[in-house]
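Contents: one structure, followed by commentary.
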Amino acid sequence: MTFSRIICLAIIVLSGLFLSACLEIEERLSLKSDGSGMLVSTIDMGAMLSNPLIAMGMQEEMKKNGEEMPERIDSNLNIIEEMIELNPQWTADDLALLNRVESRMVMDMEAGEGAVTVNIPFDNLAQLERIQDLMTEAKEPEKEEEAEGNPFSGMTGGNTTNDFEWKKGKFSRLTTMTIGDELMGAMGMDEETMGMVEMMFGDAKMYFVMEMPGKIKKVKGFEGATVDGNVITQEFEFMELIKETEKINAAMDGQIKYKK
């Protein structure tokens, strides 16, 4: 069962029962003292799947199609392999970078677990920028029918690019996100559709977390951020990313000084 299939089943149930989805989406950038690190993006569906009404509704939808809901899914997702034929411009070096990307899906209705995680390890921030650029510019396979109307169908791919500057003790970031534009285009957002999306995902949150290799001493920009030791966090309503993309992009820009 694909991630798109799970989300689409949930959307059908949510809209039929007039429920909202308690989703949490997090992007965590962890930077080491040598400039290497890890970018981890997570879509956490645990709270949504732990709702017995949603679980039963999804099982019923599966039965209508002659399918059974698996007890547990824990599998790796290769989000690059299916794109290779469509992107002959990728060089051997490009593929070596893209093959660093690791993605995993876990779903367990009984345990109330559900998440899709994408990990991007990098040796330096220029390497991370290149990986993000390649993913954002890539041609993607046509969406499956089951992904039509799925507001998260492209979120495990490239929808964010950054310009980073770093030297020991200083870090800066300029961000461009296309999540809102992609979702608006994919779903054909008219007033009725937007109302449905707001009903279902009005409680969804998105967090941007940056972990520095030393205690944070000063922050410029990164509007609304909170600082705790070496970690800086920004929290947004998911609907803000759809309706106020330019505002969120501006809020994601800033500089950090930290103690070496």
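All residue numbers in this chain count up from 1 along the given sequence. Reckoned from all heavy atoms, side chains included, excluding hydrogens, waters and symmetry mates.
Listed by chain and number, the residues in a side chain to side chain donor-acceptor pair (under 3.5 Å) with E81 are N78 (sequence neighbours excluded). In this structure E244 satisfies the salt bridge (Lys or Arg N to Asp or Glu O under 4.0 Å) test together with K247, sequence neighbours excluded. Evaluation of the side-chain contact (heavy atoms from CB on, under 4.5 Å) rule for V227 yields I216, V219, I232 as partners, not counting sequence neighbours. Applying the salt bridge (Lys or Arg N to Asp or Glu O under 4.0 Å) rule to D133 yields no partners; only residues at least two apart in sequence or on another chain are considered. Residues meeting the salt bridge (Lys or Arg N to Asp or Glu O under 4.0 Å) test with E24, sequence neighbours left out: none. Contacts of D108 classified as salt bridge (Lys or Arg N to Asp or Glu O under 4.0 Å), with partners at least two apart in sequence or in another chain: R72. Applying the side-chain contact (heavy atoms from CB on, under 4.5 Å) rule to N119 yields the partners M38, V40, E102, T117; only residues at least two apart in sequence or on another chain are considered. Residues forming a side chain to side chain donor-acceptor pair (under 3.5 Å) with D34 (at least two apart in sequence, or on another chain): S36. For E27, the side chain to side chain donor-acceptor pair (under 3.5 Å) partners are R173, not counting sequence neighbours.
With a 4.5 Å cut-off between side-chain heavy atoms of Ile, Leu, Val, Met, Phe, Trp and Tyr, the cluster of V106 takes in none.
When all heavy atoms of R28 and E26 are compared, the pair lying nearest together is NE-OE2, 3.4 Å. Residues P213 and S33 approach most closely at CB-N, 3.5 Å, considering heavy atoms.
Atoms OH and NZ, on Y258 and K170 in that order, are 11.0 Å from each other to the nearest 0.5 Å. In this structure, OG1 in T42 is found 11.0 Å from CZ in R104, a value given to the nearest 0.5 Å. With rounding to the nearest 0.5 angstrom, the CD1 atom of I256 is 4.0 Å from the CE atom of M210. We find the CZ-CZ distance between F236 and F208 to be 6.5 Å, quoted to the nearest 0.5 Å. Here CG of D253 is found 4.5 Å from CG of L174. Values are rounded to the nearest 0.5 Å. Residue I120 holds its CD1 atom at 10.5 Å from CD of Q127, rounded to the nearest 0.5 Å.
For CD of E235, the number of neighbouring non-hydrogen atoms (other residues, nucleotides, ligands) closer than 6.0 Å is greater than 12. More than 12 heavy-atom neighbours from other residues, nucleotides or ligands sit within 6.0 angstrom of NZ on K205.
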Output side-chain donor-acceptor pairs under 3.5 Å for residues 84-99, partner residues at least two apart or in another chain, one line each.
residue : atom : partner : partner atom : Å
N87     : OD1  : Q89     : NE2          : 3.0
N87     : OD1  : K139    : N            : 2.8
N87     : ND2  : M83     : O            : 2.7
N87     : ND2  : K139    : O            : 2.8
T91     : OG1  : D93     : N            : 3.4
T91     : OG1  : D94     : N            : 3.1
T91     : OG1  : D94     : OD2          : 3.3
D94     : OD1  : R130    : NH2          : 3.1
D94     : OD2  : T91     : N            : 3.0
N99     : ND2  : L95     : O            : 3.1

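Side chains of D123 and R100 form a contact here, defined as non-hydrogen atoms less than 4.5 Å apart.
Between F164 and F171, the two ring planes are tilted [angle within 30° to 60°].
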Given side-chain contact (heavy atoms from CB on, under 4.5 Å), test I248 with Q234 step by step and report yes or no. CA-CA 10 Å; I248 302 304; Q234 291 176 285; over 6 Å; no
From CA spacing to verdict: side-chain contact (heavy atoms from CB on, under 4.5 Å), L128, L29: CA-CA 10 Å; L128 176 58; L29 176 67; 3.9 Å; yes
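Hydrophobic cluster membership is shared by I131 and W166, with clusters built from Ile, Leu, Val, Met, Phe, Trp and Tyr side chains linked at under 4.5 angstrom. At a threshold of 4.5 Å between side-chain heavy atoms, the hydrophobic network of Ile, Leu, Val, Met, Phe, Trp and Tyr places M239 and M206 in one connected group.
Checking side-chain atoms of N162 against main-chain N and O of E129 turns up no donor-acceptor pair under 3.5 Å.
Applying the side chain to side chain donor-acceptor pair (under 3.5 Å) test to residues at least two apart or on different chains, the pairs with a partner in residues 206-232 are S30-E211.
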